[in-house]
Amino acid sequence: MGNIVAFDLGASSGRALLGRLTDGKIEITELHRFSNDPVQVGDRLHWDILRLYHEIKQGLLIVKNQGIEVNSIGIDSWAVDFGFIGKNGELVGNPYHYRDRHTEDMMETLFAQIPASVIFGRTGIQFLQFNTIFQLFALKQANSPWLQADNRFLMIPDLLRYFLTGEMHNEFSNATTTQLFNPVQGSWDSELLRLLDFPASWFGNVLQPGSQAGMLQASVCEELGIPSIPVYAVAEHDTGSAVAAVPATDRSFAYLSCGTWSLMGTEVHKPIINEMAQKLNFTNEGGVEGTYRLLKNIMGLWILQESRRVWEKAGKSYAFPELVQLAGAAQPFKAFIDPDDALFLAPGDMPSRITQYCHQTGQQAPETIGEIVRCILESLALKYRYVFEMTERLSGQRFNGLHMVGGGIQNTLLCQWSANAIGKPVWAGPSEGSAIGNMAVQWIAQGVFQDIWEARQVIRDSFSIITYEPEAQDLWAEAYDQFLKLTGMTE
């Protein structure tokens, strides 16, 4: 079968992967990997969007230099962040990073104007202070010059597609994360835009995953010396692509996309927007083939990644496998944190913040590196149980186990502890879930696969899936009760 390329951009790195089908199985090859480093300018934290575009072009050059003919390309990335294109067709400014502090206090300020219940009732999206709606509101409060009525709003993959094709489109799975899209109406919410005084002219047509979004424009082809290639809108929120790659056999399944963020939920055919969903702070994000991802965001391995940076600056350099080994040897259940506490959102000294959290909750703080890593991983696994049970309650389903995909599954300790915590099997794989889901949607668009369920069958046949059976359930059940008590959570 013909070759396709998936550009998969994460919060810390990006990659270009080649996909091909051989004897009914998917083969993927990493062509190019690059860092994605935020840039601090004064008080503002930005994404280096032009560097990302440069790296995408480098990936295309590698394809050319290896003599590979490509049928199509697709791009997926994190959600909520965006930029504006001016009426002259140029980028207005470098997009802000979702961890920038300009959205602090914006939720409360906005809720004073529009009740949270109104916003959730019209969008079904979980409230997080960095959601697009609060970023745009913060820019408006600051009288940002970006917000001209004749500018066009594009999210990160939309921007990169525009640079490649010259065409401006918004994509469905990412558009739903803005908290400005009405999933019942299937369009941008005109009433919410009116209440916020956001011009409707900012927002363009919304493409479904699998739609062709243009061709490489002549200037790109001339610069790189390559032929024009179709560019598809895939499930451009990387979690949407990761869920597309879940190798489930049961139509009712729970998933955890595990990386810098952990996103847990299930796939539904209609959004669940009710009082319970708002109370539990769940979200309804667009998926493939008209589905929705009922899920909740969990802070994920970000806390461990930031801790590792702190230790490196102090001259203590550890690979992630070494940190996992230290955690495995440390005392179990010494202390617990709520990974989603606001204390852990911004970049910084996470070990010190863990100590602060433990002191605030009357716990003895972990001291050694192994104890700190164990505290993070155990707390994540226990938070997974909390969200897993909420997902069952909200969806009215009962799941036989949990599918884990994404780079975080390389942490075998976290996978095993997740099984221990939920008391059910964890099926881990594939690790490159977002890129594989990106590819699957491209192949469906080209008629290679009939639908997402045929694609999932091929994914299941193509990649090894590791099963983790639950162990020490009594100890983990006891730890869960203590976790709920110390973190102040209620079921």
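The model shown is predicted, which means the values in this text are computed figures rather than measured ones. Scope of the values below: all heavy atoms of this structure, side chains included, with no hydrogens, waters or symmetry mates. Residues: numbered from 1 along the sequence shown.
- More than 12 heavy-atom neighbours from other residues, nucleotides or ligands sit within 6.0 angstrom of CD on Glu30.
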Task: Worked verdict on Tyr292 versus His269 for ring-ring contact (aromatic ring centres under 6.0 Å, His included) - done: CA-CA 6 Å; Tyr292 283 84; His269 292 287; 9.9 Å; no
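- Contact check for Ile272 versus Phe282: no side-chain heavy atoms found under the 4.5 Å cut-off.
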Open item on the list: Let's go through Ile452 and Ile444 carefully: what are the C-alpha distance in whole Å and the side-chain angles of both, what is the deciding distance for side-chain contact (heavy atoms from CB on, under 4.5 Å) to 0.1 Å, and is it a yes or a no?
Closed with: CA-CA 7 Å; Ile452 192 60; Ile444 292 169; 4.0 Å; yes
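- Within the structure, ring-ring contact (aromatic ring centres under 6.0 Å, His included) pairs that include any residue of residues 447-472 comprise Trp443-Phe449 (at least two apart or interchain).
- For Gln305, the side-chain contact (heavy atoms from CB on, under 4.5 Å) test picks out Thr260, Leu301, Trp302, Arg309, Phe320, with sequence neighbours left out.
- The aromatic rings of Phe253 and His403 sit perpendicular, their planes meeting at an angle over 60°, well past the 30° parallel limit.
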TODO: Starting from the C-alpha separation in whole Å, work towards a yes-or-no answer on side-chain contact (heavy atoms from CB on, under 4.5 Å) for Leu52 and Ile56.
DONE: CA-CA 6 Å; Leu52 294 177; Ile56 284 175; 5.6 Å; no
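- In this structure, Ile459 and Ala440 approach most closely via the heavy-atom pair CD1-CB, 4.5 Å.
- In this structure, the separation between OG on Ser35 and CG on Asp48 is 9.5 Å, given to the nearest 0.5 Å.
- Taking the side-chain contact (heavy atoms from CB on, under 4.5 Å) definition, one finds that Ser13 meets it with Arg15, Arg33, sequence neighbours left out.
- Within the model, atoms CG of Leu60 and CD of Gln58 stand 9.0 Å from one another, a figure rounded to the nearest 0.5 Å.
- Relative orientation of the Tyr480 and Phe483 rings is parallel, given thresholds of 30° and 60° on the angle between their planes.
- Side-chain N/O atoms of Ser173 and Glu171 include a donor and acceptor closer than 3.5 Å.
- In this structure, the salt bridge (charged side-chain N to carboxylate O under 4.0 Å, His left out) partners of Arg293, at least two apart in sequence or on a different chain, are Glu285.
- Checking Gln457 against Asp461 by side-chain atom types alone, a donor-acceptor pair falls below 3.5 Å.
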Task: Worked verdict on Leu304 versus Val373 for side-chain contact (heavy atoms from CB on, under 4.5 Å) - done: CA-CA 7 Å; Leu304 178 58; Val373 176; 3.9 Å; yes
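- In this view, Arg161 and Asp158, Glu236 satisfy the side-chain hydrogen bond (donor to acceptor under 3.5 Å, both in side chains) rule, not counting sequence neighbours.
- Classification of Arg393 and Glu389 as a salt-bridged pair fails, no side-chain N sitting under 4.0 Å from a carboxylate O.
- Qualifying side-chain hydrogen bond (donor to acceptor under 3.5 Å, both in side chains) partners for Tyr255, counting only residues two or more places apart in sequence or in other chains: none.
- Classified by interplanar angle (parallel below 30°, tilted 30° to 60°, perpendicular above 60°), the ring pair Phe172/Phe181 is perpendicular.
- The two residues Gly429 and Val405 have their closest heavy-atom pair at O-CG1, 3.5 Å.
- Here the straight-line distance linking atom CG of Leu256 with atom CG of Leu402 works out to 5.5 Å at 0.5 Å rounding.
- Pairing each heavy atom of Ile125 with each of Asn284, the nearest pair is CD1-O, 3.2 Å.
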List the atom pairs, donor and acceptor, that lie under 3.5 Å between side-chain atoms in residues 239-250 and the rest of the protein, sequence neighbours left out.
residue: Thr239; atom: OG1; partner: His237; partner atom: NE2; Å: 3.4
residue: Ser241; atom: OG; partner: Ala235; partner atom: O; Å: 2.6
residue: Asp250; atom: OD1; partner: Ser252; partner atom: N; Å: 3.0

Task: Full working for salt bridge (Lys or Arg N to Asp or Glu O under 4.0 Å) between Lys424 and Glu471 - done: CA-CA 9 Å; Lys424 294 181 179 181; Glu471 300 172 352; over 6 Å; no
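- Between Arg308 and Glu312 there is a salt bridge, with a side-chain nitrogen of the basic residue lying less than 4.0 Å from a carboxylate oxygen of the acidic one.
- A side-chain donor from one of Glu167 and His169 sits under 3.5 Å from a side-chain acceptor of the other.
- Nearest heavy atoms, Val234 versus Gly74: CG1-CA, 4.2 Å.
- For Ile229, the side-chain contact (heavy atoms from CB on, under 4.5 Å) criterion is met by Val70, Ile73, Leu216, not counting sequence neighbours.
- Remark: side-chain polar atoms of Arg20 are not paired, donor with acceptor, to backbone N or O of Ile4 under 3.5 angstrom.
- Under the rule for a salt bridge (charged side-chain N to carboxylate O under 4.0 Å, His left out), Lys25 has no partner lying at least two apart in sequence or in another chain.
- At a cut-off of 3.5 Å, with distance as the only test, no side-chain donor of Gln473 or Asn420 sits close to an acceptor on the other residue.
- Closest non-hydrogen pair, Asn297 versus Leu263, comes out as OD1-CD2, 3.0 Å.
- The stretch residues 332-343 participates, sequence neighbours left out, in these side-chain hydrogen bond (donor to acceptor under 3.5 Å, both in side chains) pairs: Lys334-Glu371, Asp338-Lys383, Asp340-Lys383.
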- [ ] Using the salt bridge (Lys or Arg N to Asp or Glu O under 4.0 Å) rule, take Arg385 and Glu392 through it: C-alpha gap first, then chi angles, then the decisive distance, then the call.
- [x] CA-CA 11 Å; Arg385 173 177 169 178; Glu392 290 187 323; over 6 Å; no
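- Applying the side-chain contact (heavy atoms from CB on, under 4.5 Å) test to Asn182 and every residue at least two apart in sequence or in another chain returns Arg122, Val184, Gln185, Asp189.
- A search for side-chain hydrogen bond (donor to acceptor under 3.5 Å, both in side chains) contacts involving Trp78 returns Asp81, not counting sequence neighbours.
- By the 30° and 60° cut-offs, the orientation of the rings of Phe388 relative to Phe399 is perpendicular.
- When only modelled atom types and interatomic distance are considered, Asn438 and Gln442 share a side-chain donor-acceptor pair under 3.5 Å.
- Under the ring-ring contact (aromatic ring centres under 6.0 Å, His included) rule, Phe82 has a single partner from Tyr162, Phe130, Phe153, Trp47, which is Phe153.
- Separation of atoms CD1 (Ile303) and CD1 (Ile354) is listed at 6.5 Å; rounding is to 0.5 Å.
- For the pair Pro425 and Ile422, the tightest heavy-atom approach, listed with the atom from each and the gap, is O-CD1, 4.2 Å.
- Enclosure of atom CG in Asn205 by more than 12 non-hydrogen atoms of other residues, nucleotides or ligands within 6.0 angstrom is indicated.
- Remark: Ser462 OG to Asp23 CG distance equals 10.5 Å, nearest 0.5 Å.
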TODO: Before giving the answer on side-chain contact (heavy atoms from CB on, under 4.5 Å), spell out for Val448 and Leu21 the whole-Å C-alpha distance, their side-chain angles and the decisive distance to 0.1 Å.
DONE: CA-CA 10 Å; Val448 176; Leu21 282 167; 3.4 Å; yes
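- Side chain to side chain, Gln179 and Thr132 fail the donor-acceptor criterion of an N or O pair below 3.5 Å.
- For the residue pair Tyr384/Ser262, the side-chain donor-acceptor check at 3.5 Å is satisfied.
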